[in-house]
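A quick write-up on the structure given underneath.
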There are 2 protein chains.
Amino acid sequence: MAKAQFDKEQVVDKTLKLFWKQGFYATSMQNVVTETSLKPGSIYLAFGSKEALFKAALEHYAQTNLAQIRQTIDSAQSVGEGICNLLENMIEQAEQTHYCSCFLIKTQLEFASAKGDLYQFASNKLQQVEALFNSYLRYEYDEHQAAEKATSLMLHIFGLRVYGYQTQQLDKVKAGLRQGLPWLPWDNQ
Amino acid sequence: MAKAQFDKEQVVDKTLKLFWKQGFYATSMQNVVTETSLKPGSIYLAFGSKEALFKAALEHYAQTNLAQIRQTIDSAQSVGEGICNLLENMIEQAEQTHYCSCFLIKTQLEFASAKGDLYQFASNKLQQVEALFNSYLRYEYDEHQAAEKATSLMLHIFGLRVYGYQTQQLDKVKAGLRQGLPWLPWDNQ
DNA sequence: ATTATTTTTGAATAATCATTCAAAAAGTAG
DNA sequence: CTACTTTTTGAATGATTATTCAAAAATAAT
């Protein structure tokens, strides 16, 4: 077996689900072994350590998310409508039974005290998301306006990602988003 | 020693700091033993289990927080000004070096997948906070308006508690709060 | 002072944790 | 087919985990 018999991406995807749902510390390598049907040695040869595996999963999540943001906004009639669509997607996610917030936010909170590698990684990715929104908003606003709106948008997304667990009141959350982000084209779609 | 030699509240307070900072899984009972200078047996006799100790710490945190909300609003000129003061306090907390967000939010996120006892506990406490805001807002708004504003406020607080880690851009966060909560008396104080 | 009750002590327990490694297997190259 | 390299296997490792418990110590009750 000079070539690996398993698909590394598939393993990352399966472990992503575990880590996303349960977090780093609550997920054991035994969990990963069971989920992937691999032996410990294979996992360690391919990824090196639990932390490295977690980081690979986080990286994959971040890339997917950034790509989805780009795709949603690019395929919309305007930047504003694209952002509206993104927010509505997030509300739909919160309505699902197995909702588990945002992996980047959860990671940032879990590792904030250590301020180590994974905290910085998650924090940087979140800043990349804000920078991406900022670059899109620059099409329609000046530098200062775009920066302020990008931050306000992130503030609301963070709030929504946490509030998502209180499923009974998501309609009121929608109203809160409308009021908090009045510059978005909420009606015309 | 028919009476305990240590102050139970003081132990709860010390472990609260540990759990708040690091979370449940990242904090070991050995950590608690070291921090409190107690022996394992004493801790288990007094609290029963790690989970029960965590719950006691969380309860203490929630009670303190609810009391502080009441006190801040009661001692302000109006409900709106009280809420403004609370939000400004939270921004100041985020500016501190050892900022560690909100213990209830962190707990909800850490235990969301299990949907067990601690998740429900944290979730309920957060709903109590919203209910408290709601009851205050009823002094100035009708039922529907108060409920909507309370939810919007929680949305912004959740966002702020997460965004707090990005300390460089807290001025933009302030602007986002102003825009998102335009019904608050931001200027006249 | 004596007995009874409760608390402290701190080593012990058994389970689980991340990780390693030598041997076996499976591929590739010549 | 042979020699070589890489991957898989899965038991073993040693550290750490939460928790327990019998013995000792300390207080309270009589």
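Quick caveat, the model's predicted, so the values are computed rather than measured. We name chains A, B, ... by the order of the sequence lines, and we start the count at 1 in each one.
Regarding contacts with the backbone of C/dT16, every side-chain N or O of A/Ser28 stays at 4.0 angstrom or more from both OP1 and OP2. The phosphate of C/dT19 has OP1 or OP2 within less than 4.0 Å of a side-chain N or O from A/Tyr44. Taking 4.0 angstrom as the limit, A/Lys39 places none of its side-chain polar atoms (N or O) nearer than this to OP1 or OP2 of D/dT8. For A/Ser42, a side-chain nitrogen or oxygen approaches OP1 or OP2 of D/dT8 to under 4.0 Å.
Between the P atom of D/dA24 and the CG atom of B/Leu45 lies a distance of 19 Å, rounded to the nearest Å. If you take NZ of A/Lys50 and C1' of C/dT16, they are 12 Å apart, rounded to a whole angstrom. At whole-Å resolution of the value, CD in A/Gln30 and P in D/dA11 are 12 Å apart. Taking atom CD1 on B/Ile43 and atom P on C/dT8, their separation rounds to 10 Å, with Å as the unit.
Here the nucleotide nearest the side chain of A/Phe6, chosen from C/dT8, C/dC17, D/dT8, is D/dT8.
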**OP:** Under the salt bridge (charged side-chain N to carboxylate O under 4.0 Å, His left out) rule, what do B/Lys14 and B/Asp7 come out as? Steps first, then yes or no, please.
**Re:** CA-CA 11 Å; B/Lys14 279 182 177 171; B/Asp7 183 11; over 6 Å; no

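Results of the side chain to side chain contact (heavy atoms under 4.5 Å, CB included) test with A/Gln169 over B/Gln127, B/Glu148, B/Met154 single out B/Gln127 as the only residue that passes.
Identified under the ring-ring contact (aromatic ring centres under 6.0 Å, His included) test for residues 58-89 of chain B, with sequence neighbours left out: B/Trp20-B/Tyr61, B/Tyr61-B/Phe103.
Taking the six-membered ring for Trp and thresholds of 30 and 60 degrees, B/Phe111 and B/Tyr25 have ring planes inclined between 30 and 60 degrees apart.
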